[in-house]
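To start, the structure itself, in structure tokens.
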Amino acid sequence: MLVRFGFVAMSALLEQASPSKAVTFKNYQQLAQQDPGAAMEKVKRVAKGNLFNTLRLLRHCQANGVKLYRFSSKIIPLATHPGLTGWDYITELNLPLQELGDFVKHNKIRIAFHPDHFTLINTPREDVFQASVADLMHHCSLLNAMRLDDQAKLITHIGGAYGNKEFSLNKYVENWARIPQHIARRITLENDDKIYTARETLYLCQKLKLPMVLDIHHFACNHEKVSHIEDIYPGFVATWQETGLPPKIHVSSPKSEADFRAHHDYVDANSVYKFLMMARDFQLDLDVMVEAKQKDKAMFKLVQDLSQLPNIMPVSEASIKV
DNA sequence: ACCTGTCAAGTCTGG
DNA sequence: CCAGACTTGACAGGT
């Protein structure tokens with residue numbers, strides 16, 4: 001089976017290529033006080049820089065055989081901030097957005113966004129829910145402007161427990177019905193490291209017919225005593241069946257025993273290897289997102305480390321056959 | 001050039 | 001019930 005690897009947002013190898021440069025609202029306000037035009041110009045300049053660097057990062061991916069990439073959610077500074085109403089960044093930035101989309105499509109790169117964890121579909125608060133829908137809408141609008149189809153996904157977590165997980169899982173289902181269709185078609189659910197386990201995430205994915213992203217580090221942090229990843233795996237891969245996409249997992253390693261949930265600079269190849277040997281029985285292609293501090297550098301190292309192990313054949317700098 | 005505190009957003013925890 | 005932690009890259013303001 002073919003296993004492809006990718007990385008998140010920034011590169012540790014490409015210099016001066018941040019796709020997440022920011023303008024803080026505080027700074028925006030300070031500038032706007034003196035010259036409102038200049039404040040807006042700064043936001044636009046930073047947004048254009050982020051889009052330009054994202055294109056550089058995609059070229060870097062293409063040059064190195066990387067077919068999986070996650071856009072930075074901070075690509076447009078202050079995009080959904082209530083203090084900047086009426087900024088039509090989709091129209092304004094249409095050209096660079098289309099350029100990104102063209103590059104992605106031409107090179108068949110699998111793209112995703114991971115909206116921040118302020119985006120909470122199962123919140124009991126209506127204002128938080130509305131802000132979350134606006135944020136999801138924002139991410140969708142960017143993908144639409146790039147003319148990327150529903151295979152470009154938004155990866156989200158289930159949300160908070162709010163003191164009662166069962167109630168809050170039901171709240172998710174209830175609120176799910178209020179998510180606009182064109183957004184819903186892009187959403188995938190990922191198990192988290194503290195609250196919702198892989199088993200609970202799979203339950204919700206099956207119920208709502210959503211693809212599931214399986215994070216194996218989160219699984220190690222947070223799972224039922226009796227739960228094994230090999231029991232989750234068949235159900236997890238089945239959630240991707242109708243999408244035309246390979247199932248996707250996230251990998252990372254604990255920073256330390258004491259700080260187990262935090263991400264290490266690199267990924268321990270043995271833990272990924274163990275998983276791949278289990279997955280091998282299913283003979284299904286797999287996409288692996290590396291979430292490590294050293295970003296693409298950690299991803300290339302992981303592929304190299306795996307290639308030393310039995311039953312692994314390197315295919316490119318960023319993919320292997322198992 | 002480098003260091004420290006701060007940043008739009010929500011939720012959970014520990015006191 | 002409220003302050004602080006959580007997490008992250010990057011800015012702002014200081015030396």
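So you know, we letter chains A, B, ... as the sequences are listed, proteins then strands, and number each from 1. Quick note: numbers below take in every heavy atom, side chains included, and nothing from hydrogens, waters or symmetry partners. Just so it is clear, the model here is predicted, and its values are computed rather than measured.
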(request) Under 4.0 Å between any heavy atoms, over every strand shown, what does Ala22(A) touch: base, sugar-phosphate, or nothing? Just pick one. (result) sugar-phosphate
(message) For the P atoms, the ones on dT6(B) and on dA3(C), what distance do you get once it is rounded to whole angstrom?
(response) 16 Å
(request) Give Ala161(A) one of three labels, base, sugar-phosphate or nothing, depending on what nucleic acid heavy atoms sit under 4.0 Å from its own. (result) sugar-phosphate
(request) Give Lys295(A) one of three labels, base, sugar-phosphate or nothing, depending on what nucleic acid heavy atoms sit under 4.0 Å from its own. (result) sugar-phosphate
(request) Starting from P on dT11(B), measure out to CG on Asp193(A) and report it in whole angstrom. (result) 16 Å
(request) Check every strand shown and say whether Thr123(A) touches a base, only sugar-phosphate, or nothing at a heavy-atom separation below 4.0 Å. (result) sugar-phosphate
(message) Suppose you measure atom P in dA5(C) against the same atom in dG5(B); what distance do you get, rounded to whole Å?
(response) 13 Å
(message) Give the dot-bracket line for DNA chain C from 5' end to 3' end: parentheses for intra-strand Watson-Crick or G-U pairs under 3.5 Å, square brackets for crossings, | for inter-strand pairing, dots for unpaired.
(response) ||||||..|||||||
(message) Please classify the nucleic acid contact of Thr80(A) as base, sugar-phosphate, or nothing, using heavy-atom distances under 4.0 Å.
(response) base
(request) Indicate whether OP1 or OP2 belonging to dC11(C) is found under 4.0 Å from a side-chain N or O atom of Lys21(A). (result) yes
(request) Could you state the atom-to-atom distance from CD of Gln30(A) to C1' of dT6(B) in whole Å? (result) 12 Å
(request) Check step by step if side-chain hydrogen bond (donor to acceptor under 3.5 Å, both in side chains) holds for Asp296(A) and Ser11(A). (result) CA-CA 6 Å; Asp296(A) 53 342; Ser11(A) 167; 2.6 Å; yes
(request) Between dA10(C) and dT11(B), how far apart are the P atoms? Round to whole Å, please. (result) 26 Å
